[in-house]
Peer 1: 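What follows is a single structure, and I will ask about it in a moment.
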Amino acid sequence: MTDGRCSLDAKKILLWAGVALVIVVGAVFLMRPASGDVQNVTPDRAAELVADGVRVVDVRTPGEYDLSHIPGAENVPMDVLASEASAWDPGEPLLVYCTTGARSAQAVTYLEAQGFETIYHLDAGIVTWSGDLEKGSEIAEMPADVKPGDSPVIYEFSTDW
Amino acid sequence: MKPVVDRLKQEYEGRVEFRIYDVDKDSEGQELMRQYGAQYVPTFVFVNSDGTEANRAVGETSESEMRRLLDSLQ
């Protein structure tokens with residue numbers, strides 16, 4: 001009988017130890033630093049975020065940024081993102097974009113790994129943005145240096161991206 | 001787009017002048033793009049021989065659409 005009683009107590013102890021372990025592990029899991037919350041957003045949602053004053057990060061080249069960018073966006077090209085972002089508050093929400101979403105996807109992955117908690121990604125890029133743009137948002141007059149020629153001309157503006 | 005543009009460039013040689021700019025690297029292209037108010041890449045601007053803009057195509061554009069726009073140039 002005694003052996004049986006001891007065995008029962010040992011089982012109870014083991015059971016409660018198991019329950020305690022689950023509680024501790026659960027608590028540790030819940031209290032760990034929040035992992036990055038990355039949300040792909042539509043242009044309309046991005047426009048709302050811009051209106052709300054979210055920090056807007058344009059990871060394109062300075063040349064592309066100069067041509068036109070989302071109002072209020074700061075230009076942080078990919079090659080300087082790491083050094084610039086190291087000085088930012090990881091708790092501050094960011095809206096990240098590039099031309100078509102390829103570069104910004106890399107930027108978002110990096111920023112998430114650095115502990116930025118809330119990242120909004122305009123994953124289809126500025127090409128889908130229909131709101132106002134700073135610079136270049138109006139159809140310009142015919143460029144002064146484009147003179148009528150002997151034949152029609154097609155201009156292609158592109159990048160390697 | 002490059003194979004399409006290369007093919008069309010060859011086909012329309014002598015009839016339409018192709019000016020192709022990599023706006024990441026070419027400052028003249030960046031300035032022209034700014035002057036035309038083109039916001040996206042790729043953008044194609046079709047200009048008649050009198051200097052007036054006939055059309056523009058933004059983004060990936062089919063070869064048939066490119067031909068239609070090229071054929072409409074005067």
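Reminder, nothing fancy here: chain letters follow the sequence lines and each chain counts from 1.
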Peer 1: Got a second to check how far A/E156's CD is from B/K9's NZ, nearest 0.5 Å?
Peer 2: 10.0 Å
Peer 1: With a 4.5 angstrom heavy-atom cut-off, is it the side chain or the backbone of B/V5 that approaches chain A, or both, or neither?
Peer 2: side chain
Peer 1: Any idea how A/F157 and B/Y36 line up, ring-wise: parallel (<30°), tilted (30 to 60°), or perpendicular (>60°)?
Peer 2: tilted
Peer 1: Against chain A, work out which of B/Y12, B/F18, B/F44 has the most heavy-atom pairs shorter than 4.5 Å and name it.
Peer 2: B/F44
Peer 1: Counting only heavy atoms closer than 4.5 Å, note whether B/L70 contacts chain A via side chain, backbone, both or neither.
Peer 2: side chain
Peer 1: Nearest 0.5 Å please: distance from the OG atom of A/S151 over to the CD atom of B/E13.
Peer 2: 11.0 Å
Peer 1: Can you give me the closest heavy-atom contact between A/Y155 and B/Y21, atom names plus distance?
Peer 2: CD2-CE1, 3.7 Å
Peer 1: With a 4.5 Å heavy-atom cut-off, do B/S49 and A/P152 have their side chains touching?
Peer 2: yes
Peer 1: Just so I understand: if I count every heavy-atom pair under 4.5 Å between each of B/N55, B/V16, B/V58 and chain A, which residue has the most?
Peer 2: B/V16
Peer 1: Do the side chains of B/D22 and A/T159 get nearer than 4.5 Å, heavy atoms only?
Peer 2: yes
